[in-house]
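Please read the structure below before turning to the comments.
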Amino acid sequence: MLDLNFIRQNPDKVKTTLVDLNTEAPIDEILQLDQQRRVLLKEVEALRQERNVGSKAIGSLMREGKKEEAEAQKQRMSEVGDKIKAIDEQLRQIEADLYDKQLYVPNMPAPGVPVGPNEDHNIEVRRWGEPPNFDFEPKPHWDLGEELGIIDFERGVKISGTRFYMFKGAGATLHRALTNWFIDVGINDHGYTEVYPPFMVREQAMIGAAHLPKFRDNMYYDAEEDYWFIGTAEVPLTNVFADEILDAGQLPIKYLSHTPCFRRDKMSAGRDVRGIKRVHQFEKVEMYHYTLPEDSYDHLEEIVSNAEDLCQRLGLPYRIVQMCTGDLGFAAAKKYDVEAWVPGPNGEGEWMEISSCSNVEAFQARRANIRFRRERGAKTEFIHTLNGSGLPPGRLMIAVMENYQQADGSIIVPEVLRPYMGGLEVIE
RNA sequence: GGAGGGAUGGCAGAGUGGACGAUUGCGGUGGUCUUGAAAACCACUGAGGCUGCAAGGUCUCCGGGGGUUCGAAUCCCUCUCCCUCCGCCA
């Protein structure tokens, strides 16, 4: 959520930024509602003061036995009360309306974020590694997976329908090895505390993480129990400290969480229909930082470097891309994607997003009401939060299988994963 | 699923319609005393909105929402969460 004061003071800047972001938000309505709200607030508060004073006087009059005067005063206060009730009702509607509209205003990009309408204007920041040079025709992971018997698409679909899959044998083990290795590196080498959060959350948690109300269509929901299924660990992690006031000394806090992720992916119907790139159920190891405002951009670089470190140790070629304004999404002020090289079908190859690292500044903290105090007695301020994938084992399956394939269709197990696979060196 | 009991400040815990401007204790911060510390004593010690250059003024908040009343922490309705017991269950 954006600071209402900021919108009030910079309405034109907000509106031009919305154009850069290639999106829309009801700024004029917000300003108008805000204005109405403050006018009514002044009115109703003056009336309340009148009633507070008047009601107290009734108590005194009754004690002094001046019954008639008390009755007259009651009559007057009753009228004041009616006025208050009427204005309160107006205020309630305006405030609900205002809050609802504020929830649809995206975050502002950080200074220096490249301006552009779509992904074509993203900027490649750096590359690492060399795409493999095959002296044979490389296969896509869906062919490799089926031929090796480690991914069973047919049966996944039989059980649950399109965009579902099943790992089997060494495939299931490879997936688990990636997961466990990511977690171990995170907690041993990157300084994270591992967290196992709920996967189903209340609506308020979804609002705090800025996934509701705007992205309702992309999430699974249990209407009977009123639970939302998380599409990323970012959701519960954002809400860990919701409605709390932290001490500055507690920050930064760095959490790492391995969770399933559920996505309806309604908006992407027809895209990436083959393989396991875009599915309804996957897992992800997520990094999440809670920081002081002045430290958050250092932490963004740290999160990206953590994701890079994992790729380097796996020996996967990748590039870092900075998102332009049109590709920032709803919550991020600055965002980097980590894209791994995958050979793909026909040996054309492509850069596939395997991690997305964002500094959302105070955007989620304001929604979830996460504050801190610099010292005893100081004013509360909102913290900054950051998130990044580190990494999604399902997507990494694709990258590992396709990059480490051999001419005979077997797959070399990256060295760092072998201890997690009982020493297995080749899947064949 | 059934029965019952609860939710008050950082914590404990009083308060059942007007002196609540929320008692008291603990914890915390500052001070007095002391060579220093402890003890003792004194003072201060929640969050947010509106308004104002500021000092300040004012309003709201006793789990959330609604209601009764001139007036609600207190009475009524409702929701959420927690606890105890029974049943069921991986």
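In the text below, chain A, chain B and the rest are named by the order of the sequence lines, each starting its count at 1. Just so you know, these numbers use all the heavy atoms, side chains as well, and skip hydrogens, waters and symmetry mates. Because the structure is a prediction, the values reported are computed rather than measured.
- In this structure, of U60(B), C70(B), G49(B), it is C70(B) that holds the atom nearest to the side chain of S78(A).
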Query raised in the report: Dot-bracket for RNA chain B: what is it, with Watson-Crick or G-U pairs under 3.5 Å, [ ] where a pair crosses earlier ones, and | for a pair to another strand?
Result: ((((((((.[[[..)..(.....]]]((((((.......))))))((((((....)))))).[[[[[..)....]]]]])))))))....

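- Within 4.0 Å of R8(A), counting heavy atoms only, lie sugar-phosphate atoms of the nucleic acid but no base atom.
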N/O-N/O pairs, protein side and nucleotides 64-68 of chain B side, under 3.5 Å:
| from | atom 1 | to | atom 2 | distance (Å) |
| --- | --- | --- | --- | --- |
| G66(B) | OP1 | R92(A) | NE | 3.2 |
| U68(B) | OP2 | K85(A) | NZ | 3.1 |

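- Under the side-chain contact (heavy atoms from CB on, under 4.5 Å) rule, L396(A) has a single partner from L174(A), L417(A), I354(A), V285(A), which is I354(A).
- Defined by atom type and a distance below 3.5 Å, a donor-acceptor pair is missing between the side-chain atoms of E339(A) and Y318(A).
- Between T193(A) and K254(A) the shortest side-chain heavy-atom distance does not fall below 4.5 Å.
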Protein N or O to nucleotides 88-90 of chain B N or O, pairs below 3.5 Å:
none

Query - side-chain contact (heavy atoms from CB on, under 4.5 Å) assessment of Y255(A) paired with M287(A) - result: CA-CA 6 Å; Y255(A) 283 166; M287(A) 304 178 280; over 6 Å; no

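- Identified under the side-chain hydrogen bond (donor to acceptor under 3.5 Å, both in side chains) test for residues 161-174 of chain A, with sequence neighbours left out: none.
- There is no side-chain donor-acceptor pair under 3.5 Å between E361(A) and H384(A).
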Which pairs would a plain distance check flag for residues 201-214 of chain A, meaning a side-chain donor or acceptor within less than 3.5 Å of a matching protein atom at least two apart in sequence or in another chain?
none

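- Counting any heavy atom pair closer than 4.0 Å across all strands shown, I58(A) reaches a base atom.
- Between R374(A) and D247(A) no salt bridge is recorded (no basic side-chain N to carboxylate O distance below 4.0 Å).
- Residue-level contact check: Q49(A) touches the backbone only, with heavy atoms under 4.0 Å from sugar-phosphate atoms and none from bases.
- Look at D34(A) and K101(A) and you find no salt bridge, because none of the NZ, NE, NH1 or NH2 atoms lies under 4.0 Å from a carboxylate O.
- For the side-chain contact (heavy atoms from CB on, under 4.5 Å) with L251(A), the qualifying choice from T291(A), I383(A), D295(A) is I383(A), the only one to do so.
- Residue order along RNA chain B, read from the 5' end via each residue's closest nucleotide, puts R371(A) first among R371(A) and E50(A).
- Distance check on atom C1': A73(B) versus G17(B) gives 11 Å, rounded to whole Å.
- Side-chain N or O atoms of R367(A) include one that pairs as donor or acceptor with a backbone N or O of L103(A) at under 3.5 Å.
- Looking at Y336(A) and S356(A), their side chains never bring a donor and an acceptor atom within 3.5 Å of each other.
- Distances shorter than 4.0 Å separate none of the side-chain N or O atoms of S55(A) from OP1 or OP2 on G18(B).
- Among the atoms of the strands shown, only primed sugar atoms or phosphate atoms (P, OP1, OP2) are found under 4.0 Å from some heavy atom of R37(A).
- Looking at the side chain of K42(A), the nearest of the listed nucleotides G48(B), U51(B), G18(B) is U51(B).
- Just one of V115(A), D20(A), L21(A) meets the side-chain contact (heavy atoms from CB on, under 4.5 Å) condition when paired with P109(A); it is L21(A).
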Query raised in the report: Could you run down nucleotides 72-80 of chain B 5' to 3' and tag each one B, S or - for protein heavy-atom contact under 4.0 Å?
Result: ---------

